[in-house]
Engineer: 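Pasting a structure below so you can have a look.
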There are 2 protein chains.
Amino acid sequence: MNFKKVPLTAIRRLSIYARMLAGLEADGKQQVSSRDLGETASIPSTQVRKDLAYFGQFGKRGSGYSVKELGFRLRKILGIDRAWNVALVGAGNLGRALFSYPGFSKQGFRIVAVFDNSPGKVNKSWKGTRIQSIKELSKTVREKNISIGIVAVPASGAQEVADEMCKAGIKAVLNFAPKRLKVPTGCMQANVDLAIELENFSYYLSKLR
Amino acid sequence: MNFKKVPLTAIRRLSIYARMLAGLEADGKQQVSSRDLGETASIPSTQVRKDLAYFGQFGKRGSGYSVKELGFRLRKILGIDRAWNVALVGAGNLGRALFSYPGFSKQGFRIVAVFDNSPGKVNKSWKGTRIQSIKELSKTVREKNISIGIVAVPASGAQEVADEMCKAGIKAVLNFAPKRLKVPTGCMQANVDLAIELENFSYYLSKLR
DNA sequence: ATTAACTTGTGAATAATTTCACAAAGTCCG
DNA sequence: CGGACTTTGTGAAATTATTCACAAGTTAAT
Ligand SMILES: NC(=O)c1ccc[n+]([C@@H]2O[C@H](COP(=O)([O-])OP(=O)(O)OC[C@H]3O[C@@H](n4cnc5c(N)ncnc54)[C@H](O)[C@@H]3O)[C@@H](O)[C@H]2O)c1
Ligand SMILES: NC(=O)c1ccc[n+]([C@@H]2O[C@H](COP(=O)([O-])OP(=O)(O)OC[C@H]3O[C@@H](n4cnc5c(N)ncnc54)[C@H](O)[C@@H]3O)[C@@H](O)[C@H]2O)c1
């Protein structure tokens, strides 16, 4: 096993492998090689093996990896062998789409509370989930053991919401607002920033002509 | 100027600087230092300067960068000094949120066509935009000079849609389906993969206890 | 005019990550 | 069994990206 620090990027690829394995398992496949695992995502087999080697020796020379065994191990490593409770703040267009998306809970990420600060939204219900006032965040985070927060409010309110989340004990913030947030150490942050993706496109598109 | 290849990551940071500059300009600020520019995004000033140096010398020693001038130059570099036409495929929950989001067109990315393959959706209208059959994609891409495509269909149909897009002449595909796509060389791809973000969280969360 | 304080731009050093190369082990088949 | 083929795991090398260190230009105050 490789005891060096695990590259940040390796963890993200582990998610890709895990998803791939779930598909293979559903198809009844028993064995898979590092080449097959990386193929559809264009990840070289040697990268796949390096990534896995950070966590152990899961394969068998000559035949590859057991789909079932490796899937199990990866889910364990990624911490998705259990459910995680998620708070959504911002009951707008995006929040609604995220809330009603069944993919999350299927993966074990359950949006167990929704918050907003607009009087027009608070106390309305979405499929039986009451939209709570942002003031109730702290209490609810503790009560429902919420560790992940999703920020789906306009940029102007995003930092404030993230601050509240971290103060309430949320340890990981997924931010959709087009704004970089500051979070205290001990709190993780990830940004889904469509402007960056699109501008990355336009940069390269501009160079084509 | 630095003629070495521009790191992929530098381009993404350029977007962050450009957004920051837009804010500063709106606030009436005239000058900004590399330190200020990176600060809110926790990017070291030396990284900011390196990133900018790939494209020229925009600053003035002692006083920093002109907000207006640098903003202009970055928008030019990023290709956002013009509008880009975007096709959205998948008129579901997510597609609807994306379509109705005013932030895109404000940034110059205009969703000028929406496609779906469900008879229940095709020929319905969203705010005056007719949802077209996916069969019309190729024609419309040519007619409306569309260079960017957004995939917002279930994973099962995502590859097929991406294939259509690339065949139709779309050069950049932004994929929201939880599935890695294969695109031909000459076509760019970016993935917004919430499962990866969340599983990245759960990996680190699991290690906390 | 001099000094102190800033700030940029950039080569060099460092760090992080990916790719290569290959030994060792397992499989398959006649 | 023996030989051809497959596949893993892993140091070493190569590549890519970040950070350091500092010369050189700029500003501002007295
Ligand atoms: N809709 C999209 O497709 C899309 C795409 C990319 C990014 N985003 C970003 O996601 C965020 C949400 O977008 P949206 O389209 O859902 O916006 P929206 O305006 O539809 O909804 C925002 C919601 O947040 C609530 N809110 C505002 N400030 C709040 C606060 N301080 N505390 C609690 N609630 C607050 C509002 O009441 C509203 O219900 C925005 O930052 C937007 O830029 C959205
Ligand atoms: N909704 C979310 O918040 C969310 C979050 C993360 C990821 N996603 C992903 O985004 C994608 C869309 O999600 P959604 O919630 O909007 O799903 P949805 O089921 O609401 O909508 C999907 C739409 O795509 C259409 N469609 C299906 N196959 C098609 C094809 N081959 N060609 C054209 N149109 C086709 C369907 O008719 C439907 O209108 C999915 O891949 C989903 O996993 C969604």
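Residue numbering restarts at 1 for every chain, and letters A, B, ... go by the order of the sequence lines. Basis for what follows: all heavy atoms, side chains included, without hydrogens, waters or symmetry-related copies.
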Engineer: C:dG9 phosphate, OP1 or OP2: any side-chain N/O from B:Y65 under 4.0 angstrom?
Structural biologist: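 Affirmative; the distance criterion is met.
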Engineer: So, are B:R35 and B:E39 salt-bridged, with charged N and O less than 4.0 Å apart?
Structural biologist: no
Engineer: Would B:R180 and B:D193 pass as an ion pair if we require N to O under 4.0 Å?
Structural biologist: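 B:D193 and B:R180: salt-bridged.
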Engineer: Quick one, give me the B/S/- string for nucleotides 19-30 of chain D, reading 5' to 3', where B means a protein heavy atom under 4.0 Å from the base and S means that only happens at the primed atoms, P, OP1 or OP2.
Structural biologist: BB--BBBBS---
Engineer: What I want to check is whether the side chains of A:D51 and A:Y17 have a donor and an acceptor closer together than 3.5 Å.
Structural biologist: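 Note: A:D51 and A:Y17 side chains meet the donor-acceptor criterion.
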Engineer: For B:S66 and B:Q31, which I'm curious about, is there any donor-acceptor pair between the side chains at under 3.5 Å?
Structural biologist: no
Engineer: Near DNA chain C, which residues from residues 9-26 of chain A have a heavy atom under 4.0 Å away?
Structural biologist: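 The stretch gives A:T9, A:R13 as the residues lying under 4.0 Å from the strand, ordered by number.
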Engineer: Let me check the geometry of the helix from C:dA1-D:dT30 to C:dG30-D:dC1. What is the bend angle between the axes at its two ends, five pairs each, to 10°?
Structural biologist: 10°
Engineer: Please examine the side chains of B:L137 and B:Q132, heavy atoms only from C-beta on, and report whether any two atoms are closer than 4.5 Å.
Structural biologist: no
Engineer: Would you say B:S34 reaches C:dT8's phosphate, i.e. side-chain N/O to OP1/OP2 under 4.0 Å?
Structural biologist: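 Indeed, a polar side-chain atom of B:S34 lies that close.
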Engineer: In whole Å, I'd like the distance from the CG atom of A:L8 to the C1' atom of D:dT18.
Structural biologist: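 Answer to the nearest Å: 14 Å.
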Engineer: List for me each residue that meets side chain to side chain contact (heavy atoms under 4.5 Å, CB included) alongside A:E25, sequence neighbours excluded, and say none if there are none.
Structural biologist: A:V67, A:K68, A:R75
Engineer: Test of understanding: with side-chain hydrogen bond (donor to acceptor under 3.5 Å, both in side chains), list the residues that count as partners of B:T40, not counting sequence neighbours.
Structural biologist: none
Engineer: So does A:K182 have more than 12 non-hydrogen atoms from other groups sitting under 6.0 Å from NZ?
Structural biologist: yes
Engineer: Go through the structure and list residues passing salt bridge (Lys or Arg N to Asp or Glu O under 4.0 Å) with B:R12, not counting sequence neighbours.
Structural biologist: A:E197
Engineer: Indicate the ring-plane relationship of A:F99 and A:W126, choosing parallel, tilted or perpendicular according to the 30° and 60° boundaries.
Structural biologist: tilted
Engineer: Measure the distance from NZ on B:K5 to P on D:dT15 and round it to the nearest whole Å.
Structural biologist: 12 Å
Engineer: Return the value, rounded to whole Å, for the distance between atom CD of A:Q57 and atom P of D:dT10.
Structural biologist: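 To the nearest whole Å, that distance equals 4 Å.
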Engineer: Rounded to whole Å, how long is the line connecting atom CZ of A:R35 with atom C1' of D:dT6?
Structural biologist: 9 Å
Engineer: With a 4.5 Å cut-off on side-chain heavy atoms, are B:F201 and B:S206 touching?
Structural biologist: no
Engineer: Could you state the OH-C1' distance from B:Y54 to C:dT8, rounded to the nearest angstrom?
Structural biologist: 16 Å
Engineer: Output the rounded distance in Å from CG (B:D51) to P (C:dG9).
Structural biologist: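 Nearest whole value for this atom pair: 12 Å.
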Engineer: Mind calculating the distance between CG (B:L37) and P (C:dT7) to the nearest angstrom?
Structural biologist: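 That distance rounds to 12 Å.
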Engineer: To the nearest Å, how far apart are A:I43 CD1 and C:dT19 C1'?
Structural biologist: 14 Å
